J.: 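I have a structure I would like to understand better, so I am pasting it below and will then ask my questions one at a time.
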Amino acid sequence: MMTLPLMTSALGNLTIRRVPYSRKETLQAFDQADILALDYLHDENLLSSTSRVLVINDSFAAITSTVSMAMVSKLGPMPVLWSDSYLAKLGLQANAKTNDLPQAGFVQAQDTPQGPFDMVILRLPKSHGLLLDQIQRLLPQLAANALIIMPVMVKHIDNAVYQLLESALGELTTSLARKKARLMFASQLVEGSRKSPSAAEVVWDVPTLGLSLQHYSGVFGRTKLDPGAQVLLDNFPQGPYQRVIDLGCGNGVQAIAAAKKWPLSQVMGVDESYMSVASASLNAASNGVAAQCEFKAGDCLTDMNIKFVDLILCNPPFHQERVVGDQIAMRMFAQAAKVLTPEGELWVVGNRHLGYHAKLKRWFKRVEQIGAHPKFVVLKARL
Ligand SMILES: C[S@@+](CC[C@H](N)C(=O)[O-])C[C@H]1O[C@@H](n2cnc3c(N)ncnc32)[C@H](O)[C@@H]1O
């Protein structure tokens, strides 16, 4: 069933789609919390021709696009979107184009947007580490009397998040709930107490490989090696291979292991998280394989050369922020089938119950299980 892409708020109507665009898409690019925040901006008359608005973690730029439309009518400055997501940047560009709006600013999560901002709309990321890091870097960029509005779906707020926000932002107030959404406000801002290490302060070792890995905030498996990643490393392909891709590279551990194992190979890591790409680049350099490795922000393997790669290593994501499902894994497999040479191999690790074996057969003729582990399977897929 197709979802309706029309987003209606008191600030006006826009067509807001998820990216990549699909006619069969069943998920919406915005939620009731986005609409509640936009209605509030309108009803309280909070936008003026001088407002400098920062929007944070706006998944497909629904809020940013609507604020852009409002600022165009006020002849004011365009808002800025600050996000760790390459898909959010694509969403910002696509939704501006569809609605004939000028481009808002975009700042990648590892950089800090330059204020002073007097209005901040903060969608809470799933990662508490990223949330604290963003707040700590945001506070010095606020104008006096700045207001932070946090639109939330009620089910995503628990005591732990609430306490974390109060310790970083001072006393919070909340709106009444509407359609299971609510707004939280911070306006009595305090300097954030340092509760978590910030960018690349977390360092841990993978003794079996002699690697030391650093992580920016929000990156998958931040303080220890992911068990699935370990199982793939324990059942690594033998090779040799010349062109290798680490698809959904996170901290780059698979890419770095490949570069070390096959010193003549060229390895590329792709991730939709900018913090991941930055961490992986840092890790390749600190582990001595920077010359062999390239990391880039991207959506799966879109824009890659077809029939070009010998080996793809993949520990796929099983959720997109709070939306759980295997839709991204399926896109990864479909695109891997196009990018591999006829004799190329896709190696996937996943939880047994996800049933990747049968799913891979949609695109790959030969799928075999490598190694045995009670919880995970490693699968080798060939065309
Ligand atoms: C399960 S983690 C694996 C990380 C790392 N390869 C490892 O083995 O520890 C999956 C990764 O896929 C990334 N990802 C999610 N959606 C993506 C997309 N559309 N394109 C590329 N990477 C994506 C996530 O950011 C995350 O880093």
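The structure presented is a predicted model; accordingly, all values stated were derived computationally and were not measured. Indexing begins at 1, ligand by ligand and atom by atom, following the structure's order.
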J.: Please say whether Glu272 places an N or O atom under 3.5 Å from an N or O atom belonging to ligand 1.
T.: yes

J.: Strictly distance-based, threshold 3.5 Å: is any side-chain N or O of Asp271 a donor or acceptor partner for the main-chain N or O of Gly250?
T.: yes

J.: Could you tell me whether ligand 1 has any atom less than 4.0 Å away from a heavy atom of Ala255?
T.: no

J.: Can an N or O of Asn315 be found at a distance shorter than 3.5 Å from an N or O of ligand 1?
T.: yes

J.: Just which atoms of ligand 1 are under 4.0 Å from any heavy atom in Gln254?
T.: 8 (O)

J.: Taking atom CD as the centre, does Glu44 end up with more than 12 heavy-atom neighbours from other residues, nucleotides or ligands that are less than 6.0 angstrom away?
T.: yes

J.: Mind checking whether Ile328 contacts ligand 1 via backbone (N, CA, C, O), side chain (CB onward), both or neither, at a 4.0 Å heavy-atom cut-off?
T.: side chain

J.: Classify the ring geometry between Phe185 and Tyr40 as parallel (under 30°), tilted (30 to 60°) or perpendicular (over 60°).
T.: tilted

J.: Would you mind listing which atoms of ligand 1 come within a distance below 4.0 Å of any non-hydrogen atom of Ala229?
T.: 7 (C), 8 (O), 9 (O)

J.: Any nitrogen or oxygen of Phe220 lying under 3.5 Å from a nitrogen or oxygen in ligand 1? Just yes or no.
T.: no

J.: Give yes or no for whether the N/O distance cutoff of 3.5 Å, strictly under, is met between Val253 and ligand 1.
T.: no

J.: Pick, from Gly250, Gly218, Pro317, the option with the minimum heavy-atom distance to atom 15 (C) of ligand 1.
T.: Pro317

J.: Show me which atoms of ligand 1 lie under 4.0 Å from any heavy atom of Gly298.
T.: 20 (N), 21 (C)

J.: Output side-chain donor-acceptor pairs under 3.5 Å for residues 369-379, partner residues at least two apart or in another chain, one line each.
T.:
residue: Gln369; atom: NE2; partner: Gly371; partner atom: O; Å: 3.3
residue: His373; atom: ND1; partner: Lys375; partner atom: N; Å: 3.0
residue: His373; atom: ND1; partner: Phe376; partner atom: N; Å: 3.2

J.: Would a 4.5 Å heavy-atom cut-off, applied to side chains only, mark Asp299 and Pro20 as touching?
T.: yes

J.: In terms of side-chain geometry, is the basic nitrogen of Lys296 or Asp303 positioned less than 4.0 Å from the acidic oxygen of its partner?
T.: no

J.: Tell me whether the count of non-hydrogen atoms from other residues, nucleotides or ligands lying under 6.0 Å of NZ in Lys359 goes above 12.
T.: yes

J.: Using the six-membered ring wherever Trp is involved, compare the ring planes of Phe106 and Tyr274 and label them parallel, tilted or perpendicular (cut-offs 30° and 60°).
T.: tilted

J.: Can Gly252 be said to touch ligand 1, with heavy atoms closer than 4.0 Å?
T.: no

J.: Any nitrogen or oxygen of Asp226 lying under 3.5 Å from a nitrogen or oxygen in ligand 1? Just yes or no.
T.: no

